[in-house]
Amino acid sequence: MAVYFDHRVEAPDSSGAAVLISWHSSVCVLAVGSVNPSTGGCLDLYLQQGEHVELCHVERGFSPSLLQWHPTKPLLAVGWETGETMLLSHPSGELTPLPNNTYNACITVLEWSSNGSRLVTGDQAGVMAVWRVDARGKLQGSPLIKHDYSKPLTCCIFRPPPPAEDVAMLARAAVSGDESALDMFNWKKSNKGAAFALGSQEGLTFYISTADGSVYSVDEQARSVPLISVESKIQTMWYSKRRDVLAVVTDSLLLSQFSLGPEGIAQEISKVKLSGRGVQHADIVWTENGLLITASGEQHIRLWDVELDDHYALSLDESLGFEKGELLNCVSFCTSKLLAAGTSRGRVALWHMVTVSDQKGDTKIHWKLQTPAEVEGNISQLQWGSSSHLLAVCSSSCVVILSEHVLCSHYSQQIAAVQLTPTQLSLANFNTNTHITFHTDTHIRAVQVTKDMVAVWNGKYITVYEPSGQTLHSTGSFQCESPALVVHEENIYTVEPNRVQIRTPQGTVKQLLAFSEAEGNPTQLSVCGSYLAVGTDTCHVRVFDLTRREAKAMGVTKNLSELIPDLGALRSVKCNASGSQLSVLIAQVQKRLFLKGFCSFEIQLAARCPVSQFWDENEPRLFVCETVPVNSDLLFKVYIKGFCLSWQEDVLVVTFFVTQEHGLLLQDSQPKPATLLSLLGGDQVVSTPAAAPQVPSSPQMVVRRALRDFVGLESCEKQTRDAMLNFSFYLTIGDMDEAFKAIKLIKSEAVWENMAWMCVKSCRLDVARVCLGNMGNARAARALRNAEKEPEVEAQVAVLATQLGMLEDAERLYKSCGRFDLLNKFYQAAGQWQQAVETAETHDRIHLRTTYYSYAKHLEAMGDKNLALVYFEKSDTHRFEVPRMLMEDNLSLEIYINKMKDKDLYKWWGHYLESQSDMEAALHYYDLAQDYLSQVRVYCYLGNIQKASEIANETGNRAASYHVARQYEGQDEISQSVHFYTRAQAYNNAIRLCKENNLDEQLMNLALLSNPEDMMDTAMYYEEKGTHMDRAVMLYHKAGHVSKALELAFATEQFGALQLIAEDLNENSDPALLARCSDFFIKHAQYQKAVELLVAAKKYHEALQLCLDQSLTITEDLAESLTVPKDSSHLSEAGRKELLEKIADCCMRQGNYHLATKKYTQAGNKIKAMRALLKSGDTDKIVFFAGVSRQKEIYVMAANYLQSLDWRNDPEIMKNIIGFYTKGRALDLLAGFYEACAEVEIDDYQNYEKAYGALTEACKCLTKAKGRSGDEADSKLLILTHKLGLVKRFIQARRMHEEDPVEAVRVCESLLEEKDLDPAVRVGDVYGFLVEHYCHHGNFQQAWSKIEDLRSTRPNINLSLYVSQTSLEALQNAAGVQNDLLRRWSSR
């Protein structure tokens, strides 16, 4: 928590009321423009504490109108109402006026470019000028641009420059070895071209607006073009660099957004009317991320997120000190997410912006209002300074600089001091339990306390106070500007360069603790017990012993830079009560805590950062630190003895045991309560966080929180406290024997109870049993023993917590282990019925109705019957419980029943009225309940059986019908009784009456409707009477006694009944019965039914023989029924296969080849299966069957079959033939097939090359088969080899014709001399080749001679198959042969 010191500016006497304020963006200097009605206006500069800069004072006889600081240099642009404009330099006070006659009207625009090299000025007359400012901040002559818009100028903004290369990032990449980054820095690399372009470092294009709502764009070449136009005067503008959007707000609070294209074209994308009181009251602020904040003299400020199109309002809270009706006049927002607003009654409201993420990952902004700071007068202006802790406030009476200061506090020797206001302290003495609040004469920047002294430092002086009763009085004050201050006994320790001063309370220096230049200047001091820890700015640390008259150094100075890698600055240095351990909090991006003693440990927190640390003043082993979350982008972990710890709470107070033997041991971690601000100190029993009271003046600023192991022992004696401390230590290291030794002599029941509480925290049930025994709590021990049946340890511990009264812990444990059923019972036992109901509704729905019922019983016991009704209804027990509850109030009960309109309740109420002999009312409610039995019963009781019969007939209610039937039976009205027994489906009673009264016609129908027992009884009745035997057979059959039905049917020769009975016979029927029925059907020529019965009787051979004898078609279903399963006990495997082959043979004779194939396959005879399949002619199945059979014979059979197909025109068939012959190892057959292929190639296509290839493959096959077939293969191979040679010679002749036609002719002539040339080479092809050759060379006589030779050899040959038509025509023309002769030869 922070307070704000107020520094009123030291204004000169000539200055008047302030009207303008402006902070520099990087230097802590404030410009204030004021107006004095008698002397005019003036301008002054002030430092951060309000000190006036004497040289920077400017006076004029007129008022200042505008102030604008240079973005980087201490140079202020000042505009006056007469048009005068000047530049004021800080701190020299040098003035640089703009050239005269530039402006004659009030200056309304002053705007610097992003780097400050350009300054845009404008006045109310519409004159705009752009000035150049050099690197020294000097104005360069005349303006670069001057333009007259003839309308008042209102505001101006520069367009941000385009993104340039990040030089720093490139430099780091180049140093790390990134070649691309090195190349970008190398201007001379020819293959890379030019180096990277830094881009424009400053955007010089700006937008300027006029009073008529126009906006002009002015570029670097001084071209001014109209951009947009709105309806009224523009008050402010903002440019979104990310979206290239220009947003403007007019004096009527109309927000318009325009998208800017690359060619300077603006397009309106939205227009929204903002809420507010108008321009004369509105203060408008833009943030960098597009948040528009307006204050218009109302009781709230309005915020509009332009990026997200969201808006909301912030208002004041009277509980924080604001008054009702207080108005907000002005706002200011700083980059540290603080929003300040000035009110009409002199208060500065501060909101802190917090970004919260939900479970889905969505972020939402919250604004937390803080306690206000107060100044005098009505606040008109606010502005944050270059540092986020400086805020300038301009009110109607003064200008005040508010400086943020974190509340200082200190705890030592059971004394705690906490700052309340800039000049007020709250002291708490925990030894005497007293509180003191007192005021100091100066601002408090630091405070130190001991049991006898309070030292206060204001930054320049130290004032010492001593207690005197219920107040403090000052005993001395001395000048000291030490940045560090501690107090021990009667000594005050301060620092100055290279040494620590030990002073008396009056300021006298008693001793100097010197540090060398290498050791640095002391910056951190802390005292624990009687030891002083010192840290320097060079990260050196040293510990001093203060037990003697003079301080003495312990050991040598340690240089932490040598011990800790990547060391940052020292944030705090602490030592323990014995001076043997030193802890250092390091302030760097990765916050770390380093402990140094005889051994070193390092604490790195997972996603958390230590912010404060303390050692116990009496116990050297106990160490406490406070941690908070850090940026989620950084990764931190806590490493303690090899274990990795993480926490989820926002702020945690973590306690450790630190020893030389065991190192760093985590003792406990607990979240800091939300009402407490920070950790102030620690001792063996309590930690003392500084509290945040609702009322700032409340003296109760410090509260004590007991550590986990000491809850309830805050006032125990030192012996017990030490024993508990040792017990906690040994329990932490896991040494249970030593832990019990530490406490075995303790007799206090409170101590054992506290230990039992601690067992709940640590889930140590074994220790808890010992504690309960020492406490004598038998009930809790029994409950804990009974809880051992629960599988979850947390559930067992929750039972212990319940017995110890730790209800919150029990609730937490039940939730953590997911035992919501036990949590439900816990809530019920604790009387927390709302939580019990909520738990049952959300997590324990299996016990929901039980919970509703229990809650209703509880409400009934509490007398809340109305609410009990609701929960009885929810538990679905209201039909019984509500009448019971309201039994004594008949009127309320009747009203409730009529309101609910529930049939069960109507029925219950009817019974009640019937018991009261109110039959008419009972009949009414029975009718509402649709309780027909009760109605019939009452009417029969009243003697109105006719009405009862009507109700039974109309409703068909079985119970009502049965009651009426009984009544009629009692009156001997048999027909009516049978009728109503039938409607009641009481068929046995109806059958009984029919048999007794010889009603045989109705008896059959009733028996068929009844159960099998009644059917059997009725069938026996018919059989005994000897009449209606067909009915007896049917009833036996329907009752399931088929054998009895068949016997009776055979005996009485009822063939129609036999037909019906046989349809229900199956394989589960008696085999003898099946055989008898089959014989019956054979005699009556019903062979199909007889076959089915024989199959059902497992007489497969007889059934098959019957099919053969009677020529019955074997269908697939019949074949399957005749097929015996493999694991059947009726036939052996050989018999089964024999039966299957017989079935297949029968199918073959009937022409059902596919079914025959299936049965042959099932019988294992694949050869016969293939033959059957070949007869079917199903090529696809033949190919498939051959592929899956994997037998040589089947492969050959399939290939032989495929050769009978049109394999010449189907390549797939040819492929399968070759594949099957190959797989069947029928190489001779394959060779024959290749010869056939060769003949096809020659005869059909004259393709001797492919024929040669086929013959070659045939030779290969015969060569492989040579060893198997003997001489026959040899002779075939010789013939085939000779054919191959002839084909080869003819191919060679055709190929060499181009190069050596004479040789080609010679080869052909030699081929013609071969006796067995044909069929290897067709004679016509050789003669045709020769004829073509002679015709081509013009030797037609020789060509004709060859044709004559061919005709003599082959008289009936067709010349057109061997000689081209062209050659024949040429031959005809040359030789003069008649056309009809050649035509006749060509057509043969």
Side-chain angles (χ1 to χ4, degrees), residues 873 876-884 886-887 890-1015 1017-1018:
E873 291 171 5
D876 200 25
T877 59
H878 61 287
R879 297 174 183 85
F880 171 77
E881 293 294 341
V882 172
R884 177 194 55 77
L886 299 179
M887 193 66 198
N890 288 342
L891 181 60
S892 299
L893 179 56
E894 185 175 3
I895 293 173
Y896 175 77
I897 290 172
N898 290 327
K899 183 187 72 172
M900 291 300 295
K901 298 180 180 179
D902 186 272
K903 293 182 180 180
D904 292 332
L905 290 175
Y906 282 144
K907 182 178 179 180
W908 185 92
W909 188 243
H911 287 328
Y912 173 76
L913 293 175
E914 185 181 352
S915 69
Q916 301 297 318
S917 300
D918 189 355
M919 298 302 178
E920 292 297 329
L923 284 171
H924 170 68
Y925 281 99
Y926 286 146
D927 183 40
L928 293 175
Q930 297 180 1
D931 186 2
Y932 305 114
L933 173 60
S934 296
Q935 293 181 55
V936 166
R937 180 172 46 78
V938 172
Y939 279 120
C940 290
Y941 172 77
L942 295 175
N944 192 354
I945 193 172
Q946 186 65 32
K947 181 64 176 178
S949 300
E950 292 177 3
I951 293 174
N953 282 321
E954 290 175 0
T955 63
N957 185 268
R958 294 173 60 187
S961 299
Y962 185 83
H963 188 83
V964 173
R966 291 292 300 273
Q967 295 294 320
Y968 278 120
E969 185 181 357
Q971 297 177 10
D972 291 332
E973 295 188 18
I974 303 304
S975 61
Q976 289 290 338
S977 180
V978 170
H979 168 71
F980 282 104
Y981 275 136
T982 304
R983 288 185 65 83
Q985 297 181 15
Y987 301 115
N988 55 348
N989 287 323
I991 291 171
R992 175 179 54 81
L993 289 177
C994 289
K995 288 195 295 185
E996 291 175 356
N997 296 279
N998 297 318
L999 301 176
D1000 293 348
E1001 296 300 329
Q1002 298 185 33
L1003 183 59
M1004 181 63 183
N1005 294 330
L1006 291 172
L1008 291 174
L1009 293 173
S1010 188
N1011 52 46
E1013 289 78 7
D1014 291 335
M1015 293 181 186
D1017 188 55
T1018 304

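We're numbering straight along the sequence, starting at 1. For the numbers below, each heavy atom of this structure counts, side chains included, while hydrogens, waters and symmetry mates do not.
Counting all heavy atoms, side chain and backbone alike, Val978 lies closest to Leu993 at CG2-CB, 3.9 Å. Across every non-hydrogen atom of Ala960 and Val936, the tightest pair is CB-CG2, 3.6 Å. Closest approach of Ala965 to Ser977, counting heavy atoms only: O-OG, 3.2 Å. The two residues Thr982 and Ala990 have their closest heavy-atom pair at OG1-CB, 4.2 Å. Contact between Val964 and Ala948 at its shortest, heavy atoms only, is CG2-O, 3.9 Å. Taking all atoms of both residues into account, the shortest heavy-atom contact from Ser1010 to Met1015 is O-CE, 3.4 Å.
Taken to the nearest 0.5 Å, the CZ atom of Phe980 stands 10.0 Å off from the CD atom of Glu973. From Leu1006, atom CG reaches atom CG of Asn989 across 11.0 Å, with rounding to the nearest 0.5 Å. The CD atom of Glu894 sits 8.5 Å away from the CG atom of Asn890 when rounded to the nearest 0.5 Å. Remark: Gln976 CD to Gln971 CD distance equals 10.0 Å, nearest 0.5 Å. To the nearest 0.5 Å, atoms CD1 (Ile951) and CD (Gln935) are separated by 4.5 Å. For the atom pair CD1 of Ile897 and CG of Leu886, the computed distance is 8.5 Å after rounding to the nearest 0.5 Å.
Put simply, the side chain of Tyr906 does not reach to within 4.5 Å of the side chain of Asp931, judged on heavy atoms. With contacts defined as side-chain heavy-atom distances shorter than 4.5 Å, the pair Arg983/Arg958 does not qualify. Side-chain contact between Tyr926 and Arg937 is present, with at least one heavy-atom pair separated by less than 4.5 Å. Counting only heavy atoms from C-beta outward, the side chains of Ser934 and His911 approach each other to under 4.5 Å. In this structure, the side chains of Lys899 and Leu905 stay at 4.5 Å or more apart for every pair of heavy atoms. The shortest distance between side-chain heavy atoms of Asp902 and His878 falls below 4.5 Å.
By the neighbour-count criterion of 12 heavy atoms within 6.0 Å, atom CD of Glu996 is densely surrounded, having more than that number from other residues, nucleotides or ligands. Counted within 6.0 Å of NZ on Lys995, heavy atoms from surrounding residues, nucleotides or ligands total more than 12; the atom is thus considered enclosed. Annotation for Arg966: atom CZ does not count as buried by contact number, only 12 or fewer foreign heavy atoms lying within 6.0 Å.
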Yes or no on side chain to side chain donor-acceptor pair (under 3.5 Å) for Tyr925 and Asn898, after CA distance, side-chain angles and deciding distance?
CA-CA 10 Å; Tyr925 281 99; Asn898 290 327; 3.2 Å; yes
Which is it for Arg884 and Thr877 under the side-chain contact (heavy atoms from CB on, under 4.5 Å) test, yes or no, and what are the steps along the way?
CA-CA 11 Å; Arg884 177 194 55 77; Thr877 59; over 6 Å; no
Might you work through the ring pair (Phe, Tyr, Trp, His ring centres under 6.0 Å) test for Trp909 and Tyr912, ending with a clear yes or no?
CA-CA 5 Å; Trp909 188 243; Tyr912 173 76; 5.0 Å; yes
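You'll find the ring centres of Tyr987 and Tyr981 outside the 6.0 Å limit.
Using a 3.5 Å distance cut-off with no hydrogens or angles, the side chains of Asp918 and His924 do not pair a donor with an acceptor.
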